[in-house]
There are 2 protein chains.
Amino acid sequence: MNETGKYKMNRKVPEPTLKRLPGYLYYLDKVKEQGIINISAPMIGKDLKCDPTQVVKDLAVTGIKGKPRVGYNTYELIHALEDYLGFNRTNEAFIVGAGNLGSALMAYQEHQSLGLKIIAAFDVDEKKIGTHVGRIHILEYNKLFSLSNRLDVKIGILTTPNSVAQDVAEDLVNCGIKAIWNFTSAILHLPDDIIVQSTSMSSYAAVLLRRLNDSEK
Amino acid sequence: MNETGKYKMNRKVPEPTLKRLPGYLYYLDKVKEQGIINISAPMIGKDLKCDPTQVVKDLAVTGIKGKPRVGYNTYELIHALEDYLGFNRTNEAFIVGAGNLGSALMAYQEHQSLGLKIIAAFDVDEKKIGTHVGRIHILEYNKLFSLSNRLDVKIGILTTPNSVAQDVAEDLVNCGIKAIWNFTSAILHLPDDIIVQSTSMSSYAAVLLRRLNDSEK
DNA sequence: TAGATTGTTAATCGATTAACAATC
DNA sequence: TAGATTGTTAATCGATTAACAATC
């Protein structure tokens, strides 16, 4: 069968590749600012400390074509990456749990460059309800249901205490959320078609601390 | 040659394994609370949605022994994991950059269960210097050098703007820091013996957004 | 004892790296 | 043209999964 569609294929793009793509984007923005029009994979590889062949393979998933002996057009490459990752669209999200981490994510400016737009936050804490972080209002948790009825938000960011994570996740799914960015330690049991991306601080701490202890022998 | 030392070996433990270990720990704490004394790998695998063989292999890195037909002693297993990961020690850290993300990490209670103790924060913003988040004081950036002379802190948490990340990282290394937890998007170029753990929010966003778009076909 | 589970060794799977032909 | 770089196909490497013997 022939390859169709905007992007190269439907063969699932490996997660390690996807995780590397924003790194290229960040790097290319700096390259662009320096006025470099064409950039080659070996050059990118050198600056980013990774294999040039891998750079070629990674960039290929966006469908962009490079020119032998020249490299890739910086602008085209940036555009292709942003388009492929969805960073140039507006991806609306709800956030549940307006504690320390939740508030930080609300205030975190960089989300905007990812096209992530947090349109409302929810919490059960009376003291937080009615307040806001930046332009994002913190609403009563129960409002989640009525608000999701009127809007078509697909992404939910979960920054609640671990103990209520599963219940809240289920509520989010019932509200039509298709993807959950889970910052809790809870393992979520949800329908298979729901995309769950877990970002566990403790996983990173584990690697860091263990490697540190290894190095101290 | 014979295997020596407290832990099973010096064959490098795979990063995916290390990343999974805190998940077991979180799960086992809940199991312990339920009064379950012995827990088997197939049981853990079922609850955590992963392969039981993988559970066995993962847990083996801590050096703990299970009993056929019985499983592992819950308490011993928790202790072995905490010990292996260094979560039951006090791992002192500096944090540089007291913006939104930095402040959130300072306030984030869960770090304590990882044995991570942020003992001071540094920033160049006059308005922040002298204030504190929780019990952590925000000091003038230049104090980093004198303070690191008196203390023996090995971990630096980097939550500065991207533009100064490399410079600050170099300063940290000059101050005797051995491991850097990098929350910026910058690629750090540091001596090979320095452990760098990069936690990039945009990598997670990339995977989430791309998978979401894939699922919408 | 019988049988479930550990723990090790082998097979598979997937990602990275290498090789090389195509091309500008 | 000559040569650097892309892009594809093959080889390697490493992690996951399967198979099975040991054991309680």
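So that the names make sense, note that chain A is the first sequence line, chain B the second, and so on, each numbered from 1.
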Hey, could you give me the CD1/OG distance between A/Ile177 and A/Ser148, rounded to the nearest 0.5 Å? 7.5 Å
Quick one: is the NZ or CZ of B/Lys67 closer than 6.0 Å to the six-membered ring centre of B/Tyr72, and within 45° of its axis? no
Salt bridge (Lys or Arg N to Asp or Glu O under 4.0 Å) between A/Lys65 and A/Glu76, worked out: CA-CA 9 Å; A/Lys65 300 281 173 195; A/Glu76 273 179 24; over 6 Å; no
Protein heavy-atom contacts under 4.0 Å, written 5' to 3' over nucleotides 12-19 of chain D as B (base), S (sugar-phosphate only) or - (none), form the string ---SBBB-
Which value, rounded to the nearest 0.5 Å, describes the distance between A/Glu15 atom CD and B/Arg211 atom CZ? 6.0 Å
Residues pairing under side-chain hydrogen bond (donor to acceptor under 3.5 Å, both in side chains) where one sits in residues 165-187 of chain B, two or more places apart or in two chains, turn out to be A/Glu110-B/Ser185, B/Tyr141-B/Asp171, B/Gln166-B/Glu170, B/Trp181-B/Thr199, B/Asn182-B/Thr184, B/Asn182-B/Ser198
Count the heavy atoms belonging to other residues, nucleotides or ligands that lie under 6.0 Å from CZ of A/Phe145, then report whether that count exceeds 12. yes
Euclidean distance, atom CG of residue B/Leu59 to atom P of C/dT8 [Å, nearest integer]: 13 Å
Considering only nitrogen or oxygen atoms on both sides, find all protein atoms under 3.5 Å from nucleotides 1-5 of chain D and state each distance.
{"from": "D/dA4", "atom 1": "O4'", "to": "A/Arg69", "atom 2": "NH1", "distance (Å)": "3.4"}
{"from": "D/dT5", "atom 1": "O4'", "to": "A/Arg69", "atom 2": "N", "distance (Å)": "2.9"}

Could you give me the stems involving DNA chain C, meaning stretches of three or more consecutive Watson-Crick or G-U wobble pairs whose two defining distances are both below 3.5 Å? C:3-24 with D:3-24
Electrostatic pair A/Glu82:A/Arg89 at N-O distance under 4.0 angstrom: no
Separation of D/dG7 P from A/Ile44 CD1 (nearest whole Å): 12 Å
May I ask you to check if A/Lys19 and B/Tyr204 form a cation-pi contact, with NZ or CZ under 6.0 angstrom from the six-membered ring centre and within 45° of the axis? yes
Check: residues 33-47 of chain A side-chain donor-acceptor pairs under 3.5 Å, at least two apart:
{"from": "A/Ser40", "atom 1": "OG", "to": "A/Met43", "atom 2": "N", "distance (Å)": "3.4"}
{"from": "A/Asp47", "atom 1": "OD2", "to": "A/Tyr27", "atom 2": "OH", "distance (Å)": "2.6"}

Compile the donor-acceptor pairs under 3.5 Å between side chains in residues 90-97 of chain B and protein atoms, sequence neighbours left out, one pair per line.
{"from": "B/Asn91", "atom 1": "ND2", "to": "B/Gly86", "atom 2": "O", "distance (Å)": "2.9"}
{"from": "B/Asn91", "atom 1": "ND2", "to": "B/Gly115", "atom 2": "O", "distance (Å)": "3.3"}

